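Some notes on the structure that comes next.
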2 protein chains.
Amino acid sequence: MNIGEAARASGISAKMIRHYEAIGLIAAGRGANHYRVYSQADVAELRFIRHARDLGFPLQDVKRLLDLWRNRARASAEVKRLALDHVAALEAKAKSLSAMAESLRHLADHCHGDARPECPILEELAGAFSSQVASLGDSENATKQAFSSQAVPLGGSENATKKQER
Amino acid sequence: MNIGEAARASGISAKMIRHYEAIGLIAAGRGANHYRVYSQADVAELRFIRHARDLGFPLQDVKRLLDLWRNRARASAEVKRLALDHVAALEAKAKSLSAMAESLRHLADHCHGDARPECPILEELAGAFSSQVASLGDSENATKQAFSSQAVPLGGSENATKKQER
DNA sequence: CTTGACCTTCCCATTATGGGAGGCGCCACA
DNA sequence: TGTGGCGCCTCCCATAATGGGAAGGTCAAG
């Protein structure tokens with residue numbers, strides 16, 4: 001099948017399929033017309049990728065998972081380690097976001113939200129508080145390792161609805 | 001003061017200060033040597049920006065907050081609306097991440113994690129499950145509006161420790 | 001043979017941040 | 001007065017994942 005059909009079958013856009021090929025995640029055969037050709041096995045790989053992305057794995061991890069999946073002699077320990085590291089990163093990020101939300105909600109709770117200019121939210125942003133929120137993310141300990149600011153890609157599967165939002 | 005000192009005083013890198021100027025967030029005077037010059041008021045703005053970023057506001061929102069802060073005739077209602085919209089986005093994203101983490105942890109719990117190749121994590125990625133996680137993010141409803149896949153910037157304040165992680 | 005749907009490659013935009021090169025200013029010390 | 005080192009300047013590039021769009025080739029149906 002051609003790329004369009006593979007895209008429909010896998011839930012990954014043609015654009016992204018080409019991109020995944022460009023970065024070496026997958027390979028595709030070519031037909032006489034130099035169109036990309038995909039087999040059912042290729043579609044299965046694409047679906048694997050999509051599932052991994054839905055769970056928030058960055059493409060680098062997806063590549064490793066894909067290599068493990070292809071390798072019949074793999075050790076499940078390695079997969080599990082990748083997964084648990086990712087779980088830790090997800091949870092750390094979720095916690096960090098929740099902390100931000102909570103801080104901000106506290107501030108908003110004290111804001112009248114009317115036509116007057118007085119606003120504790122702005123006052124807090126301008127002033128005193130130094131790093132209550134910031135420190136929360138680090139308050140655990142080992143979470144920092146798996147946590148380069150974009151370790152967790154996010155936006156896993158909201159893509160399907162993106163066009164409608166704009 | 002020069003940009004380096006302003007950076008130290010505000011906690012924003014000189015690189016970023018220049019960038020914020022380039023995108024019109026802030027303005028800076030110039031000295032005779034065409035070096036940027038910062039006043040205490042400028043540093044206060046930079047700190048404001050940093051606090052807003054620590055709370056996860058995207059720069060676009062920071063710009064609006066900054067404009068509101070500068071405007072003595074603002075209505076606090078507008079600030080509050082911005083804040084609460086952002087809280088909603090943060091919470092939605094946090095929930096989505098937690099859902100991913102939970103799904104993945106379930107999978108990992110069933111994985112032996114030893115030298116054998118059998119691995120339910122890979123099996124699940126390869127196969128059956130279609131979109132349990134994906135649907136969770138949308139299960140609310142109005143959260144989608146404030147939620148273009150990168151509505152929530154993340155990585156608010158982990159920057160200070162980034163060099164050490166590498 | 002034309003039309004339209006599909007494919008190709010290449011370039012650009014997004015978000016926020018950092019790295020680095022090449023060049024100039026400035027201060028202190030010899 | 002010369003010079004070294006540090007700070008600053010402006011550009012360009014890279015990151016992660018995705019989309020948009022242009023310019024052009026291909027194929028099938030009418």
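Just so it is clear, the values below take in all heavy atoms, side chains as well, and ignore hydrogens, waters and symmetry mates. So that the names make sense, note that chain A is the first sequence line, chain B the second, and so on, each numbered from 1. None of the values given here were measured: they were computed from a predicted structure.
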(message) Going by side-chain hydrogen bond (donor to acceptor under 3.5 Å, both in side chains), name the pairs with one or both residues in residues 6-18 of chain B, residues two or more places apart or in two chains.
(response) none
(message) Measure CG/A:Leu59 against P/D:dT15 and give the value in whole Å, please.
(response) 13 Å
(request) In plain terms, say whether A:Arg64 and A:Asp67 are close enough for a salt bridge, that is, a side-chain N and a carboxylate O under 4.0 Å apart. (result) no
(request) Quick one: pull up CD in B:Glu124 and CG in B:Leu122 and give me the separation to the nearest 0.5 Å. (result) 10.5 Å
(message) So, using side-chain hydrogen bond (donor to acceptor under 3.5 Å, both in side chains) as the criterion, who are the partners of A:Glu78 when residues are at least two apart?
(response) none
(request) Establish, with yes or no, whether the OP1 or OP2 oxygen of C:dA16 is under 4.0 angstrom from a side-chain nitrogen or oxygen of B:Tyr20. (result) no
(message) Once you apply a heavy-atom cut-off of 4.0 Å, does B:His34 come out as touching a base, just sugar-phosphate, or nothing?
(response) sugar-phosphate
(request) Starting from the 5' end of DNA chain D, give me the residue, A:Tyr35 or A:His19, whose nearest nucleotide shows up first. (result) A:His19
(request) Could you state the atom-to-atom distance from CD1 of A:Ile23 to C1' of D:dA14 in whole Å? (result) 15 Å
(request) Calculate the interatomic distance between A:Lys15 atom NZ and C:dC10 atom C1'; express it in whole Å. (result) 9 Å
(message) Using whole Å, what does the distance between atom P of nucleotide D:dA17 and atom CZ of A:Phe57 come to?
(response) 13 Å
(message) Name the residue from B:Arg70, B:Lys63, B:Arg50 that meets the salt bridge (charged side-chain N to carboxylate O under 4.0 Å, His left out) definition with B:Glu45.
(response) B:Arg70
(message) Measure CE/B:Met1 against P/D:dC8 and give the value in whole Å, please.
(response) 12 Å
(message) If the cut-off is 4.0 Å, is A:Ser13 near the phosphate of D:dG19, judged by side-chain N/O to OP1 or OP2?
(response) yes
(message) Return whichever of A:Met16 or A:Ala32 has its heavy-atom-nearest nucleotide of DNA chain D closer to the 5' end.
(response) A:Met16
(request) Check the distance between D:dT18's P and A:Arg53's CZ and give it to me in whole angstrom. (result) 4 Å
(request) Could you tell me the separation between the CD1 atom of A:Ile12 and the P atom of D:dG19, rounded to a whole number of Å? (result) 10 Å
(message) With nearest nucleotide decided by heavy atoms, which residue, B:Gln60 or B:Asn33, maps closer to the 5′ end of DNA chain C?
(response) B:Gln60
(request) Select base, sugar-phosphate, or nothing to describe what B:Arg18 touches, counting heavy atoms under 4.0 Å on all strands. (result) base
(message) When you measure from the side-chain N and O atoms of A:Arg30 to the phosphate of D:dT26, is any distance below 4.0 Å, counting only OP1 and OP2?
(response) no
(request) For D:dC9, take OP1 and OP2 only and decide whether either is under 4.0 Å from a side-chain N or O of B:Arg36. (result) yes
(request) To the nearest Å, give me how far apart OH (A:Tyr38) and P (C:dC7) are. (result) 10 Å
